[in-house]
Amino acid sequence: MTTTELQPATLPAVPTGLFIDGRWRDGARTFDVENPATGVVLASVADGTADDARRAIDAAAAAQDQWARTAPRERSEILRRAYELVIARTEDFATLMTLEMGKPLAEARGEVAYGAEFLRWFSEEAVRIAGDTTVTGDGRNRILVGRAPVGPCVLITPWNFPLAMGTRKIGPAVAAGCTMVFKPAPQTPLTALLLTEVLREAGLPDGVLNTVATTDAAAVVTEWVEGGKARKISFTGSTNVGKILLGQAAKTVMRTSMELGGNAPFLVCADADVDKAVDGAMVAKLRNMGEACTAANRFYVHRDVVDEFTTKLAERMSALTVGDGTAPGTDVGPLIDAAGLGKVERLVADAVAKGARIVTGGERAGETGYFYRPTVLADVPADAELAATEIFGPVAPVHVFDDEDEAIAAANDTDAGLVAYLFTQDIDRAWRLSDRIEAGMVGLNTGLVSNPAAPFGGVKQSGLGREGGRVGIDEFLEYKYLAIPKG
Ligand SMILES: NC(=O)c1ccc[n+]([C@@H]2O[C@H](COP(=O)([O-])OP(=O)(O)OC[C@H]3O[C@@H](n4cnc5c(N)ncnc54)[C@H](O)[C@@H]3O)[C@@H](O)[C@H]2O)c1
Ligand SMILES: O=CCCC(=O)O
């Protein structure tokens, strides 16, 4: 175990209020943000209420018309300046993320680069919103198809990627000309509040972005989703909460984008380069301590290579240093909270009770903080609860398969369909299996699919819509056409 290097005194200066209509305001009450490695309170943040939510959506609605009419280049340049400011403040953002949710500083710096890139990407997309024109079949009318901003948007983000999940929504919303109300996760409001301040400094007009952190998500979000002023909700989080929000959005027939939970299969075929598969597994499993929707949750390995793969993966995992994310040399930080740690302990205990064998790890690390040792489980039975549940921790359960049909059936035996990983050196097999895997994204001989240039998203209960890539802005635009008689 490594120990802490940074103290709360090293916390960068961050506004801790509510940001409504271009001004930072005090809240009627506050809540504490804690470091999951030490339990130390980092800051007290304004705790938004339903009244604050109403003020925020009123400001967004009032700003919408003017904002929609700004020049694309103006919106583009605000995003570009925000990109530069985030990059210039890399250390501040990285430190905040490590202190708020635990990821090692090196990974947090990686998230700054990843998250900032959504701002740059959508600064480039803002000036490329294009329409279409056609003539009706009977030749009587011209159809001129344009794009219009959806309107005020509700943005809700989780704690695991506190910066990137915000910029992946704010970037396209700004580019499209939408105003926003934004609710970050209560575990990680500070990163979101600093991002809000950076966007203000970059020149975002008053009322365009309104940020309300809260411990009462249901009260705030219900005000926004059912209140009738917002036109769209973009949510990233668990499938269960996504379903609640879809039900609420139905009441006002609101546009929805849902980036929900995953249960990624990781397939290693008999012809795979096993060393490359282990490299890929380290990334797909351990990025963000396993607390990622993209995390490999189930490893299906061909019988011919399962012993080699499992042994090599266990060697690599057991060599990792677990500890405080701020300490030099830490590879794996704490899990987010006691509930997250308890869930991992329970899932491992269930798998072991059903016959799984612990190859390495299998226990928490340290007496304080929410640390869990990187773990490899072999001989995991299909009915282990972790095969059907997002583990959200550094645990790699290895299952064996004998033929392709069996591997595909197992991989697809889930309600989730976000991402899958496939390791094979046979190009025909690569095409064949990628076609048959039910997922929005497939990592072929790689353990990382996330990139601002790609349309991120899932099928089945992993969600609706895509974020990033060329289509990311479409989620924030409506089609609108003019029918013009042809003279
Ligand atoms: N598909 C993706 O792109 C993606 C990315 C990151 C995380 N995730 C998923 O997010 C989950 C982990 O994040 P989490 O624990 O923060 O998820 P969560 O669903 O508990 O919370 C997500 C957000 O929803 C808010 N929320 C909770 N209850 C709500 C309610 N009743 N009404 C409105 N808002 C509510 C939370 O405060 C938070 O801001 C995992 O399932 C993970 O797979 C998905
Ligand atoms: O938690 C989900 C991962 C998000 C990402 O990789 O962009």
Side-chain angles (χ1 to χ4, degrees), residues 31 47-48 50 53 100-101 103 107 110-111 114-115 117-118 154-169 181-189 191-192 211-226 233-249 257-264 283-284 287-297 335-337 339-340 343 389-393 415-419 439-441 443 447-469 472:
F31 67 98
D47 193 356
E100 283 191 305
M101 57 72 65
K103 69 178 76 186
E107 275 199 64
E111 183 177 343
Y114 175 52
E117 188 58 28
F118 286 105
V154 178
L155 312 181
I156 305 175
T157 53
W159 50 263
N160 60 345
F161 289 86
L163 179 66
M165 298 302 97
T167 56
R168 202 162 76 176
K169 297 183 190 305
V181 286
F182 173 30
K183 193 206 82 59
Q187 297 90 339
T188 54
T191 306
T211 305
V212 177
T214 182
T215 54
D216 194 350
V220 165
V221 176
T222 299
E223 192 63 42
W224 291 344
V225 178
E226 298 188 20
I233 177 167
S234 176
F235 171 76
T236 298
S238 61
T239 300
N240 281 344
V241 173
K243 288 178 183 176
I244 294 171
L245 295 174
L246 282 168
Q248 289 188 291
S257 299
M258 294 279 147
E259 295 291 345
L260 309 178
N263 181 3
V283 178
R287 176 171 177 247
N288 221 44
M289 291 84 71
E291 293 173 316
C293 55
T294 48
N297 210 56
L335 299 179
I336 187 69
D337 55 22
K343 178 183 177 189
T389 311
E390 269 188 304
I391 302 169
F392 251 53
D415 287 336
L418 189 63
V419 57
M441 306 175 283
L448 183 67
V449 295
S450 307
N451 192 291
F456 189 102
V459 300
K460 295 159 76 175
Q461 294 189 24
S462 285
L464 301 167
R466 294 293 181 270
E467 289 190 322

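Excluded from the calculations below are hydrogen atoms, water molecules and symmetry mates; all remaining heavy atoms, backbone and side chain alike, are included. We count ligands from 1, going down the list as the structure has it; atoms in each ligand are counted the same way.
- T239 places a side-chain N or O within donor-acceptor distance of the main-chain N or O of G261, the cut-off being under 3.5 Å.
- Atom 21 (O) of ligand 1 lies below 4.0 Å from none of the non-hydrogen atoms of the protein.
- Near V221, meaning under 4.0 Å from any of its heavy atoms, are these atoms of ligand 1: 33 (C), 34 (N).
- For the salt bridge (charged side-chain N to carboxylate O under 4.0 Å, His left out) with E111, the qualifying choice from R168, K103, R287 is K103, the only one to do so.
- S238 OG, 2.6 Å is the protein heavy atom nearest to atom 19 (O) of ligand 1.
- Both the sub-6.0 Å distance and the 45° axial angle are not jointly satisfied by K183 relative to the ring of F235.
- Rounding to the nearest 0.5 Å gives a distance of 9.0 Å between CG of L260 and CG of L418.
- Without hydrogens or angle criteria, N288 side chain to N160 main chain gives a donor-acceptor distance under 3.5 Å.
- Once rounded to the nearest 0.5 Å, the distance linking CD of Q461 with CG of D415 reads 4.0 Å.
- Considering only non-hydrogen atoms, atom 29 (C) of ligand 1 lies nearest to V241 out of V241, V220, N263.
- A donor-acceptor pair is defined here as one N or O able to donate and one able to accept, closer than 3.5 Å; no such pair exists between the side chain of D47 and the backbone of F31.
- Among all heavy-atom pairs drawn from P452 and F118, the shortest one is CA-CE2, 3.5 Å.
- Between T236 and K169, the side chains place a donor N or O and an acceptor N or O closer than 3.5 Å (distance only, hydrogens not considered).
- Under a 4.0 Å criterion applied to the non-hydrogen atoms of G261, ligand 1 contributes the atoms 41 (O), 43 (O).
- One finds the OG1 atom of T188 at 12.0 Å from the CZ atom of F161 (value rounded to the nearest 0.5 Å).
- Among protein heavy atoms, the minimum distance from atom 9 (C) of ligand 1 is reached at G237 O, 3.2 Å.
- Atom SG of C293 sits about 4.0 Å away from atom CZ of F456, to the nearest 0.5 Å.
- The atoms of ligand 1 that sit less than 4.0 Å from any heavy atom of P186 are 37 (O).
- Ligand-side atoms of ligand 1 in range of T157: 23 (C), 38 (C), 39 (O), range being under 4.0 angstrom from any heavy atom.
- Side-chain contact annotation: E467 with S257, donor-acceptor N/O pair under 3.5 Å absent.
- The closest protein non-hydrogen atom to atom 31 (N) of ligand 1 is A218 CB, 4.0 Å.
- Atom 8 (N) of ligand 1 has its closest protein heavy atom at C293 CB, 3.6 Å.
- Every atom of ligand 1 with a heavy atom of I156 under 4.0 Å away is listed here by number and element: 23 (C), 24 (O), 25 (C), 39 (O).
- Between W159 and ligand 1, at least one N/O pair is under 3.5 Å apart.
- Here the closest heavy-atom approach between residue P189 and residue P184 is recorded as CA-CG, 4.2 Å.
- Some N or O of R168 is nearer than 3.5 Å to an N or O of ligand 1, by distance alone.
- The shortest heavy-atom contact between G417 and S462 is N-OG, 2.9 Å.
- For atom 1 (N) of ligand 1, the closest non-hydrogen atom of the protein is L260 O, 2.8 Å.
- Counting only heavy atoms of the protein, atom 26 (N) of ligand 1 lies nearest to A217 CB, 3.7 Å.
- For the residue pair E291 and I336, the shortest heavy atom distance occurs at OE2-N, 2.9 Å.
- Of all protein heavy atoms, the one closest to atom 24 (O) of ligand 1 is F235 CE1, 3.2 Å.
- Residues I233 and I156 are in side-chain contact: their nearest non-hydrogen atoms beyond the backbone lie under 4.5 Å apart.
- Near ligand 2, Y114, N160, F161, M165, R168, R287, A292, C293, T294, S450, F456 each place a heavy atom less than 4.0 angstrom from the ligand.
- Between the OG1 atom of T167 and the CD atom of E117 there is a distance of 9.5 Å, given to the nearest 0.5 Å.
- Applying the 4.0 Å criterion to heavy atoms of L245 picks out, from ligand 1, the atoms 32 (N), 33 (C).
- Contacts between F161 and ligand 1 below 4.0 angstrom, taking non-hydrogen atoms only, are absent altogether.
- Among the atoms of T239, none of the N or O lies under 3.5 angstrom from an N or O of ligand 1.
- Each of the atoms 39 (O) of ligand 1 lies under 4.0 Å from some heavy atom of A185.
- Proximity of M165 to ligand 1, defined as any heavy-atom pair under 4.0 Å, is confined to the side chain (atoms from C-beta onward).
- Given atom 13 (O) of ligand 1, the protein heavy atom at minimum distance is P158 CB, 3.3 Å.
- In this structure, the separation between CG on N263 and NZ on K460 is 9.5 Å, given to the nearest 0.5 Å.
- The ligand atoms of ligand 1 that sit less than 4.0 angstrom from a heavy atom of F392 are 12 (C), 40 (C), 42 (C), 43 (O).
- The closest non-hydrogen atom to atom 37 (O) of ligand 1, taken over K183, E259, M441, E390, comes from K183.
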